[in-house]
Structure formats: C-alpha cells, structure tokens
Amino acid sequence: MSELNLILLGPPGSGKGTQGERLQTDFRLPYYATGDILRAAVRDGTKLGREAKEYMDRGDLVPDEVIIAMISDRIESPEAADGFILDGFPRTSAQAEALDAEMDQLGKRLTAAILIEVSDEEVVRRLSGRRTCAKEGSHIFHVEFDPPSKEGVCDVCGGKLTVRDDDKPEVVRYRLGQYHDKTEPLIAYYEDKGILRRVDGQLTPDEVADRIRALLATLQMEEQL
Ligand code: AP5
C-alpha cells in the first residue's frame, strides 16, 4: 500500500492505545494519540497542558480548535509523509470535517477508520484495572487481562505504573456519555465514505491485533487489483 493513513475509533477503553502501540511496531508509522499528547503536555506544565487539564479531569472533550491545531501540525510534518496512525482523533464532527479539509489540501486520503467495538460494561471493567506507565504514557497494562511481569513496573521501560486520573468510575461513566453523544456519529460519517472497518474488540488483545492485520492485508490486496 503506498500510503497508510489510519484512524482508530472506539469508546474509551476499547483498546485503541493497546492496538496503536502494536500497529506502530508493525508498520513503523508515526502514531499520534491525542490523549497521550495532552497528558504529556499536562506533565510538562505547558500552556496546552494547563488549558487541557480541567477538561480531561472532568472527562470533557478539549475544545475542537485546540485539538485540530495540535493534530494538523503533525499530519503536515515530513515524518507523516508515508502515513500515520491517529488514536483519539477525530472525536467530533467538526474535527472529522477539519481532518478531511486538511487531507484534501495535502492531496492525501484516509485509508480506513478502524472501529474497535466493545460494550459499555466491558469499558468499565477494563478501565477500572488499567495501569499506565508514568514515564511513557503509551505503555498500557491491565491488572487482570494484560498484567506486567512485575507488579507496578512497566515491562518496556521500567517506569512506575499508575492509575489515570480520568479512570475513576464516575469520570469513566461521563466519558462514555461523551463518546455516545459526540463521537459515535462519526461511525455513520465514515461508513458513508466507505472507509469504516469494524473489529470485534471483545476478543483478546492478540486476537484483535490479528483481525486488524488481516483487514489491512485485505485493503492492500484490494488496492493492488
Ligand atoms: P484518551 O487518552 O484518548 O482516552 P480514550 O479515548 O477515552 O481512550 P482510552 O485511552 O481511555 O482507552 P483506549 O481505547 O486507548 O484503551 P486502552 O488500549 O488503554 O483521551 C483522554 C482525554 O483527552 C479525553 O477524555 C479528552 O478530555 C481529551 N481528548 C483526547 N482526544 C481528544 C479529542 N480528539 N478531542 C477532544 N478532547 C480529546 O485499553 C484499556 C484497558 O483495557 C487497558 O488496561 C488494556 O490493557 C486493556 N485492554 C485493551 N485491549 C484489551 C482486550 N482486547 N481485552 C482485555 N483487555 C484489554
């Protein structure tokens, strides 16, 4: 496939970050996870971080204009010339339309929007046991489903594993509501464009990764026909 421009879509806790990390390794493409970028900005105490923190702690979406500017810079950068993986963006209709306009301007097209489907009950189960690396936020574990070799320690870099502030049960429920209201309409949006691909996210992380690899292989074959 000449260029692979992917979106990972799905509710909080569906496994976008877990699969994004694998896809990044498989395809060696830049991986832009808006949540990770924002959390790094909060950790570093930047203007963006200070602006975003209160929204994130409540489980609210950060304003569209802030997020769109943040992602546009990255998509336009030379490292994204051969493709990119977006996790957590777009999340509203305004963000999806801005991404389309940006892609048109750059003469690029989206390859697929991969929807990782899981139930609300599963989301709550997963987020209550999630642990993320304090050093490298993109390394993700689960106390039951994907435990680290040594309790509380990141297998990848040895960093301390912590619970995200927005994984408190009441915030998780609110984030799910935000997903249903503001992000779910994007499923129809990408379905209409013919690029939506659904994956059963209730399977194990390895099985989900295999399904995603299979669907990307199919897309590659279709492109060669
Ligand atoms: P963000 O960080 O993007 O949060 P999210 O979309 O809610 O997604 P999560 O990171 O919670 O879950 P995930 O799908 O990546 O699942 P994971 O792989 O970790 O955003 C955070 C906040 O930033 C937002 O609330 C908002 O404020 C702001 N923001 C971000 N983007 C924005 C935007 N575009 N616009 C406006 N605001 C924005 O997996 C979850 C757990 O399950 C882990 O413990 C994992 O080990 C486990 N797990 C994963 N897969 C499986 C499996 N198959 N089986 C069993 N367990 C599994």
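Note that the structure is predicted; figures quoted are calculated from it, not measured. Along the sequence shown, residues carry numbers from 1. Atoms within a ligand are numbered from 1 in the order they appear, just like the ligands themselves.
With a heavy-atom cut-off of 4.0 Å, T132 does not touch ligand 1 at all.
Closest to atom 27 (O) of ligand 1 among all protein heavy atoms lies D60 O, 2.6 Å. Considering only non-hydrogen protein atoms, atom 16 (O) of ligand 1 sits nearest to G15 N, 3.2 Å. With respect to atom 31 (N) of ligand 1, the closest heavy atom belonging to the protein is T34 OG1, 2.7 Å. Ranking protein heavy atoms by distance to atom 43 (C) of ligand 1, first place goes to I140 CG2, 3.5 Å.
Under a 4.0 angstrom heavy-atom cut-off, E21 registers as lying outside contact with ligand 1. Ligand 1 is approached by R164 to a heavy-atom distance shorter than 4.0 Å. Note on ligand 1: P11 sits in its first shell, one or more heavy atoms being nearer than 4.0 Å. Residue contacts with ligand 1 include G201, since one or more of its heavy atoms lies under 4.0 Å from the ligand.
Between R198 and E191, at least one side-chain nitrogen of the basic residue sits less than 4.0 Å from a carboxylate oxygen of the acidic one, meeting the salt-bridge criterion. Using a 4.0 Å cut-off between charged nitrogen and carboxylate oxygen, E170 and R173 do not count as a salt-bridge pair. No salt bridge links R126 with D146; every basic N to acidic carboxylate O contact stays at or beyond 4.0 Å. Ionic pairing of E121 and R125 is not present here: no N-O contact between side-chain nitrogen and carboxylate oxygen is shorter than 4.0 angstrom. A salt bridge is defined here as a Lys NZ or Arg NE, NH1 or NH2 lying under 4.0 Å from an Asp or Glu carboxylate O, and R22 with D26 fails to meet this definition.
Atoms of ligand 1 found under 4.0 Å from any heavy atom of D166 (numbered from 1 in listed order, with element): 21 (C). Using a 4.0 Å cut-off to heavy atoms of Q95, the atoms of ligand 1 that qualify are 33 (C), 34 (N), 35 (N), 36 (C). Atom numbering of ligand 1 starts at 1 in the shown order; those under 4.0 Å from a heavy atom of G88 are 31 (N), 32 (C), 33 (C), 34 (N). Under a 4.0 Å criterion applied to the non-hydrogen atoms of P205, ligand 1 contributes the atoms 51 (C), 52 (C), 53 (N), 54 (N). Near T18, the atoms of ligand 1 lying under 4.0 angstrom from a non-hydrogen atom of the residue are 17 (P), 18 (O), 39 (O), 45 (C), 49 (C). Distances below 4.0 Å separate heavy atoms of G17 from the following atoms of ligand 1: 13 (P), 15 (O), 18 (O). Close contacts of ligand 1 with G13, meaning ligand atoms under 4.0 Å from a residue heavy atom, involve 8 (O), 9 (P), 11 (O), 12 (O), 13 (P), 14 (O), 16 (O), 40 (C).
D60 and Y174 are linked by a side-chain donor-acceptor pair at a separation below 3.5 angstrom, with hydrogens and angles left out of the test. Inspection of the T204 and E207 side chains reveals an N or O donor paired with an N or O acceptor under 3.5 Å.
Within the 4.5 Å cutoff, side-chain heavy atoms of L127 are placed close to those of R175. The side-chain heavy atoms of R39 and M56, taken from C-beta on, include a pair separated by under 4.5 Å. Proximity of V118 to S14: side-chain heavy atoms (C-beta onward) are separated by under 4.5 Å at one or more points.
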Do any side-chain atoms of residues 63-71 form donor-acceptor pairs under 3.5 angstrom with protein atoms, and if so which ones, sequence neighbours left out?
unit_1	atom_1	unit_2	atom_2	d
D64	OD1	T92	OG1	3.0
D64	OD1	Q95	NE2	2.9

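Distances from atom 25 (O) of ligand 1 to the heavy atoms of R175, K16, Q19 put R175 nearest. Of the candidates F141, Y174, Y179, the one placing a heavy atom closest to atom 44 (O) of ligand 1 is F141. Selection from D87, L38, D200 by nearest heavy atom to atom 29 (N) of ligand 1 gives L38. Taking all heavy atoms of V123, V62, V42 into account, the minimum distance to atom 37 (N) of ligand 1 is reached by V62. Ranked by closest heavy atom to atom 1 (P) of ligand 1, the top entry among E207, M56, R91 is R91. Evaluated by nearest non-hydrogen atom to atom 53 (N) of ligand 1, the leading choice among T92, V208, L203 is L203. Considering only non-hydrogen atoms, atom 54 (N) of ligand 1 lies nearest to R126 out of R126, R39, R130.
Because its NZ or CZ atom is both nearer than 6.0 Å to the ring centre of Y55 and within 45° of the ring axis, R58 counts as a cation-pi partner of that residue.
Residue K16 is tested with D87, I140, I114 for a side-chain contact (heavy atoms from CB on, under 4.5 Å); the sole match is D87.
R74 pairs by the side-chain hydrogen bond (donor to acceptor under 3.5 Å, both in side chains) definition with nothing, not counting sequence neighbours.
Note: no N/O pair closer than 3.5 Å links F145 and ligand 1 by distance alone.
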